[in-house]
There are 2 protein chains.
Amino acid sequence: MKVKLEDVAQLAGVSPTTVSRVLNNRGYISEKTREKVEQAIKDLNYYPNDIARSLFKKRTNFIGLILPTINNPFFSELALYIENICSNHEFKVILCNSLGQVAKETSYAEMLIRHQVDGIIVCSYNRGIEIYKNSKLPIVAIDHYLSPTIPVIGSDNYEGGRLAVQHLLNQGCKEIIHINGPSELETPTQNRRKAYEDQVAHPITYELNSVFDEEATAETIKKIFKEHPETDGIFASDDLIASTCLKVANELGIQVPNQLKVVGYDGTLSVRSLLPHLTTIKQPIEEIAQSAVLRLMDIINEVNKDERMEIILPVQLLENGTAELNG
Amino acid sequence: MKVKLEDVAQLAGVSPTTVSRVLNNRGYISEKTREKVEQAIKDLNYYPNDIARSLFKKRTNFIGLILPTINNPFFSELALYIENICSNHEFKVILCNSLGQVAKETSYAEMLIRHQVDGIIVCSYNRGIEIYKNSKLPIVAIDHYLSPTIPVIGSDNYEGGRLAVQHLLNQGCKEIIHINGPSELETPTQNRRKAYEDQVAHPITYELNSVFDEEATAETIKKIFKEHPETDGIFASDDLIASTCLKVANELGIQVPNQLKVVGYDGTLSVRSLLPHLTTIKQPIEEIAQSAVLRLMDIINEVNKDERMEIILPVQLLENGTAELNG
DNA sequence: ATGAAAGCGCTAACAG
DNA sequence: CTGTTAGCGCTTTCAT
C-alpha cells in the first residue's frame, strides 16, 4: 500500500492534522514537532496525494491544452512555452491533440471538465463546440473566436499580411498569389488574407481544405503554376505551405527568388533552423503563450476577469532570402 | 456550485448509488429508473467528477510524459502518437518538458507521483534521477537506460549507424566524420557511434555538449571543416545536426552532395517535409510510441509485467539526395 | 500548539 | 432492482 498522511502521523506520534499543518506551513507548530514530522516524511518516503487534496480544495492546478496536433512547429513551440510558464506557476498541462476532428475535440473538452481542470487553452480549428459556450469554465482561445465571452490572444494578422505583401511588392513582384486555409473558419488568420486582398489589384487566393495534408497542398500549388504561370510572388499563410511552395518550385525548375518570391508565416525556431533562407512573418509565439497563460490565470483567480477580450501582439518581417534578390 | 451526483439523485428521486450504477452500467437497473436518471443528468448538465472517482478507485488514468522539449520534431511526433494511442485507451497525458535539467526532471517526477499518475514514459536525457529507481511506479523509457528494472523501447541504433556509414562508403566517401551528443549519457544512441567506429579505419567523432544549441552546433561543424578539410562525408546523429551541416556547408561554399555527403537521423515527418532532400535514417516513431504505451499499460495492469526489458524496432535508410550523386 | 470530527464527490459491499 | 453505510486521503473549522 501507498504510504499516506496517517502513516506519517503515526510514526511521528502526532495527529494527521499536525502533519497537514507541516505540509502546508499553516498555523503554529513547535520546532520539535515539525522536525519529528519531517523526519517521518523522509523515513517513509512520503508524497502527499494531490488527488485527495484537489477533491477537498476544488482546485486541481491542471489546465487543458487543446490544439490540432502537437506535431507542427508552431504548436509545439507554443506548447513548450505554455507548459513552461504553467510549470513556473505550479500548473500542470494535459495535452490534447484534436486532429481537427470536432468529435475528438468535444470529447477532450468533456474529459477536461470531468477532470476538474481549472481552465482550458484552446488553439483548435474546430467550430461549434457548444461545450465551450455553455460551460462556466475559464477558457482562453489562441487565434480563434469561440464565443463572445472567451478572450482571444493572437498576433496582428492584418499587419503580418500587410508586411508580407508589401515586401513582395517592394521586391518587384507583379503577380502575387495568396494561399490560405479554409475561409469558413472564423479565425483571425483570415485577416492575413484581408490584408493581401486590400493591397493587390486582382487578388487570387487558393484555399487549402486540409492544411495538414502535404500531398494535397503540393497539388494545389502545382495547380497555381499551371493556372497562373505569370505568378512571381506567393504569400503563404504558414511556413509549411511556403516550404511546400519551395519544393514544388524546385521540382518545376522555377528559381527562387529570381523567378518566384515566397513569403511564409509563423517564423518558428524549428523552421528558421531547418529552412534558414525562408523569408517569413514571425509571430511572437512566446509572448502569445505568456499572455494566454496569464490571462487564463486571471480568470481562474477572478481578477480582471472581464477585461481585455482580445490581445493582439506585434509581428515582424524576417528577410532571409526567398523573397530578396540581394541576400 | 457545481452540480454533483447527489443533485442528480435528488432530481431523479433515487439514491446516489442508483445514479452511480447508471453512470457505470453496473448491476441491474430498471429501464424506467435509468431513463429518469439519464433525464436528470441531461437536465442538470451533469459531468461526473473524475477526481473523486480517482480517489476512490486509486486509478487516475493519467500518465506522465517526460521529454527534453516538445519543440523538437522527433519528440513532438513521438508525443503526438503517444497521446493519440493513450487517448484511444482512455488515458490522459501530462506533458513535462525537462529542458535537459536534472532539477526540473526530478520535480516533474515528484509532481507526477503526487498526482497519482498510473505510469510514466520517460524520454529524457538526464541521468541519475533516483526517484525512478526507488518508486514502485510503472515506468518505461524510450531510448534510455534508467535502471535495470525499467524497460527500454528504442529502434535499432547500431543498424541505423551501420546503414548510414555503409551508404556513405558505398557512395564513395573516404573521410567520414561523425557528430554525436555527449558520450557520457548512457543512451542506446551511442550505438550509432559504435557502428560508425566499427566501420571506418580512423573514426573521428565530434561531440556536442548542448544538442539544442544551434549556434554551438554550427561552431563545432565549422571546426570540423577547418581541422579536417578533407572531410567528404558526415554522419550526424540527428536531422537537426545534419541540417546545420547543410547550412554551414552552404555558407562555406561546399557543395552537397558533390563535395560533401550528409546523412542525418530520425526521419521525422516535419523534417522530411521541410528538408525533403536530406538523406537520413528513419526511426519507426509510431511503432516506438505504440510499443511504449502498450508496454506501460501491461505493467500498469500487471500482465506480462516482467517480460521484454528491451524492445528494439527496425530502422530504414531514406535516400533523398544529400548523400547521393544521382538523385 | 495540537487534536477530533466532519466532509470534498464518488463507489462498492452489504442488505433488503 | 434499489438504498444505507462506510471510506478513498486529505484539509479545515472548532475545540482545548
- Note on the structure: Applied to residues 38-87 of chain A, the ring-ring contact (aromatic ring centres under 6.0 Å, His included) test, sequence neighbours excluded, yields A/F62-B/F62, A/F62-B/H115
- Rounding to a whole Å, what distance do you find between A/R34:CZ and C/dT2:C1'? 14 Å
- B/S155 side chain vs B/P284 backbone, donor-acceptor pair below 3.5 Å: no
- Can you sort out the partners of A/S147 under side-chain hydrogen bond (donor to acceptor under 3.5 Å, both in side chains), two or more places apart, ordered by chain and number? A/T149
- What residue pairs, at least two apart or across chains, pass side chain to side chain donor-acceptor pair (under 3.5 Å) with a residue in residues 7-17 of chain B? B/S15-B/T18
- Message: Treating A/T106 as the side-chain partner and A/V102 as the backbone partner, does any N or O pair qualify as donor plus acceptor under 3.5 Å?
- Response: yes
- Enclosure of B/E130 CD (heavy-atom neighbours >12, cutoff 6.0 Å): yes
- Note on the structure: salt bridge (Lys or Arg N to Asp or Glu O under 4.0 Å) filter on B/E38, not counting sequence neighbours, yields B/R34
- When rounded to whole Å, the CD to P distance for the pair B/Q10 and C/dC10 reads 13 Å
- Item | Touch class at under 4.0 angstrom, heavy-atom based, for B/S54 against every strand present | nothing
- Item | Global bending angle along the helix from C/dA1-D/dT16 to C/dG16-D/dC1, which compares the axes of five pairs at either end, to 10 degrees | 40°
- Query: Would you say the side chain of B/L23 lies within less than 4.5 Å of the side chain of B/L5, judging by non-hydrogen atoms?
  - Reply: yes
- Note on the structure: A correct 5'-to-3' footprint of nucleotides 4-13 of chain D, with B, S and - meaning base, sugar-phosphate only and no protein heavy atom under 4.0 Å, is B--BBBSBB-
